[in-house]
Protein chains: 2
Amino acid sequence: MTELNNSINELKNVAQFIAHKLEEMILTGELAPGQHLIQTDIATQFGVSRLPVRDALKILEKRELAVTQPRRGVIVRPLNLQEVSDLYELRRLLESHAFTRSVRNLTEQDIADVEAILQRQESFSMGQFIQILDLDEQFHIKLCSRCENEEIKSSLVKIWSRIRVLRSLERDWDDWNKNSVKSHRGILAAIRAQDYKKARQLLEEGIDRAENKITASVKAVIALSAQSDLTKSAHN
Amino acid sequence: MTELNNSINELKNVAQFIAHKLEEMILTGELAPGQHLIQTDIATQFGVSRLPVRDALKILEKRELAVTQPRRGVIVRPLNLQEVSDLYELRRLLESHAFTRSVRNLTEQDIADVEAILQRQESFSMGQFIQILDLDEQFHIKLCSRCENEEIKSSLVKIWSRIRVLRSLERDWDDWNKNSVKSHRGILAAIRAQDYKKARQLLEEGIDRAENKITASVKAVIALSAQSDLTKSAHN
DNA sequence: ATGACGGTAAATGGATACAGATATACGGGC
DNA sequence: GCCCGTATATCTGTATCCATTTACCGTCAT
């Protein structure tokens, strides 16, 4: 409860605090895709009434991390291979466009910020995978920050919140982070050399690689859960 | 109350019913941009408690038709010239992409459906401007329906719900609808001729014309409201 | 053993009343 | 004329209750 009161000042209200916590629990796998999010349980778990929990679930739904089934409740958004490719096609389209618009407007300070993000990314290792996710996201968002289109930027932020969930399924974080850093270094170098065409190409290649990796992870997890469903029904 | 009970079966719950009604009121101008949406007032107005109203406001917020100001309430999304161009840049990017992906997959039935939409559009006139908006939207959505990307399609639907609000500010509906039909006829003809490149070009030109028209309308309304603000403060 | 049926429990959707927090506005004092 | 405190309007959250729907589970018949 003290932790709640402390953190509540950073966020605006209880609902946002709970939504944030639930998102963390989704990222850590504590809440699995498809799992029911039961209002009363969450309410007692956090020691609040059901109302802010309902609000929190609506926040998750707005961010498309959860799905509401009317009169049946809310579940964590289930995994879906089609969704991965659809989401990545959308991301490629938007980010590539935004990057092109933004890259010429990046200031010295922006470049320095990106460099700082990249250096922090280099210093992290496996254990802190949520931070790794955040830094990767920050890198890409920062590069698009000067695209001068708030709609596209907010669309990208929404897409990233979903990509984070998919990425959290990744196993080999060390390898993943190494490749990410390498790709980011290349992009940053191309930007510094003002070779924007090459930068964009590297960016798109990175997005494609990420899609392939995530597709593999999601496939593996779906296969695994299908298998456990089989064993479960075999036990019955 | 009887109307409520009748319509409630079509929608899933009271909140969605109220959200739908509020959206209509925004489109008809009954609720003006920037206007406060006060929970208790709306609750008494519809004869329900505050809870479903809160839910309804969150639905509007999710669709970006309303903006929540923490601890101050919810307002109808204010008009903003920048937003028009940002939204249209996003629409152009997504719709153009989706159209290209979709157009080759359109079936005979799809084309027939589009033709039917277009014919209905031709038969309407000024009075029924909400229907005109719907038909215009249906035309564009249908053309993109076979893009095989649910994410892009749902993004486009969201964009359209906002564009509808902006378009509702238009004055000269008769002129507007005539131009729209003409543009749509050209696109459909190009599709039938399998000249997809031309179809796409016509589509993009239509989007640009729409942006210009809406920009003018929004400018006019903003100027008008600024003027009335002046007279109001002069009276104080 | 398996499928259909029915009853009970659980969960959501909604209503009501009340307590608290907070931003704006108003008005009085300096 | 400006600053500051109070008042008001409004949202935010708690606590309880009820209705309706859905899910679960055990029984029964095939």
Side-chain angles (χ1 to χ4, degrees), chain A residues 1-22 31 34-62 66-76 78 229 232-236, chain B residues 1-22 31 34-62 66-78 229 232-233 235-236:
Chain A
M1 205 56 181
T2 62
E3 188 207 1
L4 193 149
N5 282 322
N6 288 339
S7 304
I8 218 165
N9 294 329
E10 302 164 19
L11 300 167
K12 288 159 220 131
N13 56 31
V14 178
Q16 295 200 12
F17 171 80
I18 292 175
H20 184 253
K21 281 292 176 191
L22 289 177
L31 295 174
Q35 184 171 341
H36 273 76
L37 298 172
I38 295 160
Q39 294 177 6
T40 51
D41 291 357
I42 297 170
T44 54
Q45 188 178 335
F46 283 97
V48 297
S49 74
R50 270 173 54 205
L51 219 130
V53 174
R54 285 178 64 170
D55 291 350
L57 293 179
K58 285 192 202 316
I59 291 173
L60 289 186
E61 197 202 337
K62 188 167 80 173
V67 179
T68 299
Q69 304 169 310
R71 296 244 167 231
R72 294 194 49 215
V74 178
I75 62 173
V76 180
D229 282 354
K232 205 167 65 178
S233 61
H235 278 289
N236 287 0
Chain B
M1 206 57 181
T2 61
E3 188 205 2
L4 193 149
N5 283 322
N6 287 340
S7 304
I8 216 165
N9 294 328
E10 301 164 20
L11 300 167
K12 288 159 220 129
N13 56 32
V14 178
Q16 296 202 9
F17 171 80
I18 292 175
H20 185 253
K21 281 293 177 191
L22 290 176
L31 295 174
Q35 185 171 339
H36 273 76
L37 298 171
I38 294 161
Q39 293 178 5
T40 52
D41 291 358
I42 298 170
T44 55
Q45 188 180 335
F46 283 97
V48 297
S49 77
R50 272 173 41 217
L51 267 85
V53 174
R54 284 181 66 168
D55 292 350
L57 294 180
K58 285 194 201 319
I59 291 173
L60 288 186
E61 198 202 335
K62 187 167 82 174
V67 179
T68 300
Q69 303 170 310
R71 301 263 166 211
R72 291 197 51 214
V74 178
I75 61 173
V76 180
R77 184 182 258 275
D229 282 353
K232 203 167 66 180
S233 61
H235 279 289
N236 288 1

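Predicted model, so just to flag it, every value in this text is computed and none were measured. Just so we're on the same page: letters track the sequence lines, and every chain starts at 1.
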Indicate every side-chain donor-acceptor pair of residues 46-58 of chain A with a distance under 3.5 Å to a residue at least two apart or in another chain.
unit_1: R50(A); atom_1: NE; unit_2: Q39(A); atom_2: OE1; d: 3.2
unit_1: R50(A); atom_1: NH2; unit_2: Q39(A); atom_2: OE1; d: 3.3
unit_1: R54(A); atom_1: NH2; unit_2: D55(B); atom_2: OD2; d: 2.8
unit_1: D55(A); atom_1: OD2; unit_2: R54(B); atom_2: NH2; d: 2.5

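- In DNA chain D, the stems built from three or more successive Watson-Crick or G-U pairs (distances below 3.5 Å) are C:1-30 with D:1-30.
- When all heavy atoms of L37(B) and A66(B) are compared, the closest pair comes out as CD1-CB, 4.3 Å.
- Pairing each heavy atom of I75(A) with each of Q69(A), the nearest pair is CG2-OE1, 3.7 Å.
- If you take NE2 on H36(B) and CD1 on I42(B), they are separated by 11.5 Å, rounding to the nearest 0.5 Å.
- Annotation for L60(A) and A19(A): closest pair CD2-O, 3.7 Å, computed over non-hydrogen atoms.
- Atom-to-atom distance recorded for Q45(B):CD and I38(B):CD1 is 11.0 Å, nearest 0.5 angstrom.
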- Task: Using a 4.0 Å heavy-atom cut-off, write out nucleotides 18-24 of chain C from 5' to 3' as B (base contacted by protein), S (sugar-phosphate only) or - (no contact).
- Result: B---SSS
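- Going from atom CD of Q69(A) over to atom P of dT22(D) covers 11 Å, rounded to whole Å.
- Heavy-atom distances to DNA chain D give each of V74(B) and L51(B) a nearest nucleotide, and the one nearer the 5′ end belongs to V74(B).
- Set against dA11(C), dG13(D), dC11(D), the side chain of I38(A) has dA11(C) as its closest nucleotide.
- Look at CG on N13(B): it is 11 Å from P on dA15(C), rounded to the nearest Å.
- Residue N13(B) holds its CG atom at 9.0 Å from CD1 of I18(B), rounded to the nearest 0.5 Å.
- As judged by a 4.0 angstrom heavy-atom cut-off over every strand, L57(B) is placed among residues making no nucleic acid contact.
- Proximity note for Q39(B) (side chain, C-beta onward) versus dA15(C), dT12(D), dT10(D): the nearest is dT12(D).
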